[in-house]
Each structure stands twice: as C-alpha cells, then as structure tokens.
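Order of appearance sets the numbers: ligands from 1, and atoms from 1 within every ligand.
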Amino acid sequence: MSVSRVGVLALQGDVREHLRLLDELGADTATLKHPEQLEEVDALIIPGGESTTIGKLATRFGLIDPLREAIAEGMPVYGTCAGMILLASSVTEGDQPLIGALDVLVRRNTFGRQNESFEADLEVEGLDEPFHAVFIRAPWIEKVGSEVEVLAEIGEHAVMVRQGALLATSFHPELTGDGRVHRMLLEMT
Ligand code: GLN
C-alpha cells in the first residue's frame, strides 16, 4: 500500500494537532506555506484558526490561485472550521479572501459563540458510530449547491459536507483525536 503525503497549510491555526493525528493514521505529512510545495503533496488540510488571517496570509504568499488550480486538478482538500470558510464560495457577511471552490454559503461565528466551545455527538453519513464534535466559534452552512453532499447537520444547518474531493467540517476532529474524518480524506488520495 502506498502512503499518502498530506500537507497541512501552515500559515496560522491549529497545524500541529492535524499533523499529530495524520501521523497516528500512518500518513506521511508536510507543512505547506509556498505554492511550489503543492507539487509535493497528495492531499491538503486547511486548519481552523482565523479565516480572515489565513486568507490574508494566503494572498500574501501567492497561494490562492495555485490552491484553486490544485483543486481544479482534483487534489483532495479538507477544511476544518476556518478552513471550511476559506474553501467556501461565499460568506454571509463581510469581505475576505476565499478560495471559493466549495459551493456553499457560510455564516461565521455561529456555534460555540458564547463560551467559545460547544460539543455534540453527531450522526455522520458513512460512519457507523456518532462523532463527538467540538465547535469553536464555528461556521454553519446556510445554503449548499447542487453538487454538495451534506454529511452531517445540526438542526437545519449543515456542519459537514463533501463536494467531489473537497471535504469540510465546522468542527475540529484534530482536537479530540478521532481519526475517522481524516481517514475519509486519506481514502480520497
Ligand atoms: N471564527 C473563525 C473564523 O471565522 C473560525 C474559528 C475556528 O476555526 N475555530 O474564521
């Protein structure tokens, strides 16, 4: 079996936690900051953090267009929380740099707003057991395009989606150490 090399976009956010979980799953890992490093990975994770900051830094590092191209060529990409926002095609408020490849409208800072974190056991499409999900000032999805598959929701809001090789969660599996969502990404490589 070949081992996939997964890059973690390392501009800001919880990079280390993703690297640790990927390592536990037996993946080869690399941190990524520059466009040319996209050539060296089979898949990419965009971590949680602050999407406006990650977006600004990604613009400054000349990464937005290369990321769009890599996605257009089929590279599997998984965005958690702020990473979901960056992948999205639009946000309900404000103006910020977005990659725009995932056909969803996202509202920022919804779940976990008051005391910073909110937890729930989620039913996830494709997983046998519920997934204990941690939300930290997390986005929810208000609208999905026709190509988007909703894999989990809370109330009427999608919190996990997939569109082709793009995967996004409002929550942070890297913080609880449950590798099942990361494994889904590895299975796409
Ligand atoms: N609130 C952050 C944003 O809007 C996301 C928070 C997170 O990634 N935990 O970018």
Inset, instruction - Give the atoms of ligand 1, by number and element, whose distance to some non-hydrogen atom of I85 is under 4.0 Å. - result: 3 (C), 4 (O), 10 (O)
Legend entry - Polar side chain donor-acceptor pair, S51 to Q96, under 3.5 angstrom: yes
Legend entry - For atom 2 (C) of ligand 1, the option (of G49, C81, G79, P47) bearing the nearest heavy atom: G49
Inset, instruction - Among H18, E174, E24, find the one that has a side chain to side chain donor-acceptor pair (under 3.5 Å) with H182. - result: H18
Legend entry - Atoms in ligand 1 with a heavy atom of N109 nearer than 4.0 Å: 1 (N), 2 (C), 4 (O)
Inset, instruction - To the nearest 0.5 angstrom, please state how far the OG1 atom of T52 sits from the CZ atom of R108. - result: 5.0 Å
Legend entry - D95 atom CG, over 12 foreign heavy atoms within 6.0 Å: no
Inset, instruction - Using a 4.0 Å heavy-atom cut-off, say whether T80 meets ligand 1 through its side chain, its backbone, both or neither. - result: neither
Inset, instruction - Would you please indicate if the ring centroids of F171 and F111 are separated by under 6.0 Å? - result: no
Inset, instruction - Of the side chain and backbone of E50, name the one, both, or neither that has a heavy atom under 4.0 Å from an atom of ligand 1. - result: both
Inset, instruction - Could you say whether the N/O atoms of T52 and ligand 1 ever approach to under 3.5 Å? - result: no
Inset, instruction - Answer yes or no: is there a side-chain heavy-atom contact under 4.5 Å between R183 and L25? - result: yes
Inset, instruction - Fit a plane to each ring of H157 and W140, take the angle between them on a 0 to 90° scale, and name the class: parallel (under 30°), tilted (30 to 60°) or perpendicular (over 60°). - result: parallel
Legend entry - ligand 1 atoms in contact with S51 (distance to a heavy atom under 4.0 Å): 3 (C), 4 (O), 10 (O)
Inset, instruction - Identify the protein heavy atom lying closest to atom 4 (O) of ligand 1, giving its residue, its atom name and the separation to 0.1 Å. - result: R108 NE, 2.7 Å
Inset, instruction - Give the atoms of ligand 1, by number and element, whose distance to some non-hydrogen atom of G48 is under 4.0 Å. - result: 8 (O)
